[in-house]
Amino acid sequence: MRHAFVASTFIAITCGLIGVFVVARNMSFLAHTLAEIGFAGASFGVFLGIAPLNGMLLFTMISSITIGQMSAKESRREASISAISSLFVGLGILFLSLSNRNASYATNILFGSIIGISLTDVYQLITLSAVIVVGILLFYRYLVFDSYDSIGAQAQGLKTNWLSIYFLILLAISVSIAAQIVGSLLVFILVTLPAFIAKYLAKSVPAMLAVSVGAALLGVWLGLWLGYIANWPVTFFIATLEFIFYFIALLYHQHVSH
């Protein structure tokens with residue numbers, strides 16, 4: 001549980017930060033697609049005999065840039081998502097089948113296995129989380145500018161294409177590490193819901209980042225505690241709590257708007 005709390009804290013901070021930019025760029029679809037690619041990557045890792053997280057990182061980082069370019073246009077976004085998601089879910093099932101692993105491996109990849117996380121895994125997750133946070137801070141102003149005013153960013157001569165690739169790599173790493181808590185099936189929960197909560201409650205980008213991180217932290221901390229008390233899946237509690245937070249924020253936003 002100590003390992004789980006440390007790892008989940010860093011993962012929640014990472015997802016809370018990256019999620020604000022995901023929502024601003026209307027890329028929630030990409031987080032969902034990368035989660036399914038992550039399933040194939042983790043399965044590939046199991047097949048090769050390496051850590052599932054390493055396989056997940058390999059697949060998501062390579063794929064994120066390709067998908068981002070393919071789905072840049074609204075007209076073909078839905079078709080791209082359907083085609084790529086179908087392919088990688090199929091590959092994930094194939095790799096698991098070829099590795100001759102039992103169903104518990106698939107369950108851990110799909111739904112997370114944070115309670116069984118080792119100290120080595122914790123150090124790896126902390127390192128990757130630090131990479132994301134530093135990566136966001138280094139280009140914070142440019143990411144904000146491009147995310148909230150892409151036309152203005154292009155007019156100012158900002159290299160938005162390179163910035164987009166940079167962001168996609170950060171997103172791929174975030175999705176991979178978030179899957180360690182909620183699994184690849186529900187990874188978009190931590191990447192998107194806290195950010196949507198922040199969108200309804202906060203007025204400025206720094207405030208949105210703070211609210212998003214706070215919502216993600218509260219969800220994973222309470223989820224772990226409730227999972228420990230009830231002996232139910234932690235993922236269930238995190239998903240339910242984040243939905244409740246989102247619903248409350250939505251009601252508040254609607255009340256204020258009227």
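Just so you know, these numbers come straight off a predicted model, no measurement behind them.
- Of the residues V191, L168, L34, the one that meets the side-chain contact (heavy atoms from CB on, under 4.5 Å) test with M27 is L168.
- Pairing each heavy atom of G219 with each of I238, the nearest pair is O-CG1, 3.8 Å.
- Residue Y142 qualifies as open at atom OH: its count of foreign heavy atoms under 6.0 Å is 12 or below.
- There is no side-chain donor-acceptor pair under 3.5 Å between T192 and S28.
- In this structure, S43 contributes its side chain and F39 its backbone to a donor-acceptor pair below 3.5 Å.
- Applying the side-chain hydrogen bond (donor to acceptor under 3.5 Å, both in side chains) rule to S147 yields the partners R25; only residues at least two apart in sequence or on another chain are considered.
- Using bins of under 30°, 30° to 60° and over 60° for the plane-to-plane angle, the ring pair Y140/F21 lands in the perpendicular bin.
- Counting non-hydrogen atoms of neighbouring residues, nucleotides and ligands closer than 6.0 angstrom, the OH atom of Y228 reaches no more than 12 such neighbours.
- Note that CG of L171 and CE of M61 are 11.5 Å apart. Values are rounded to the nearest 0.5 Å.
- One distance of note links CG of L91 with CZ of F95; it measures 5.0 Å at 0.5 Å rounding.
- Residue-environment remark: OH (Y148) exceeds the threshold of 12 foreign heavy atoms within 6.0 Å.
- L30 and L143 fall within the same hydrophobic cluster, where Ile, Leu, Val, Met, Phe, Trp and Tyr residues are linked whenever their side-chain heavy atoms come under 4.5 Å apart, directly or through other members.
- L224 and M1 make their closest contact through O-CE, 3.6 Å (heavy atoms, listed as atom of the first residue, atom of the second, distance).
- Rounding to the nearest 0.5 Å places CG of L128 at 11.5 Å from CG of L170.
- A continuous path of ILVMFWY side-chain contacts below 4.5 Å connects L138 to I165, so both sit in one hydrophobic cluster.
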Give every donor-acceptor pair under 3.5 Å between a side-chain atom in residues 2-17 and any protein atom, sequence neighbours left out.
residue, atom, partner, partner atom, Å
H3, ND1, I117, O, 3.4
S8, OG, A4, O, 2.8
S8, OG, F5, O, 3.1
T9, OG1, F5, O, 2.6
T9, OG1, W221, NE1, 2.9
T14, OG1, F10, O, 2.9
T14, OG1, S129, OG, 3.3

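- With a 6.0 Å radius and a threshold of 12 heavy atoms from other residues, nucleotides or ligands, I151 has its CD1 atom at or below the threshold.
- By the 30° and 60° cut-offs, the orientation of the rings of F243 relative to Y246 is tilted.
- When atom types are taken as modelled, the side chain of S97 and the backbone of I93 share no donor-acceptor pair closer than 3.5 angstrom.
- Judged as a side-chain contact (heavy atoms from CB on, under 4.5 Å), and not counting sequence neighbours, the contacts of L241 are L222, L226, F245.
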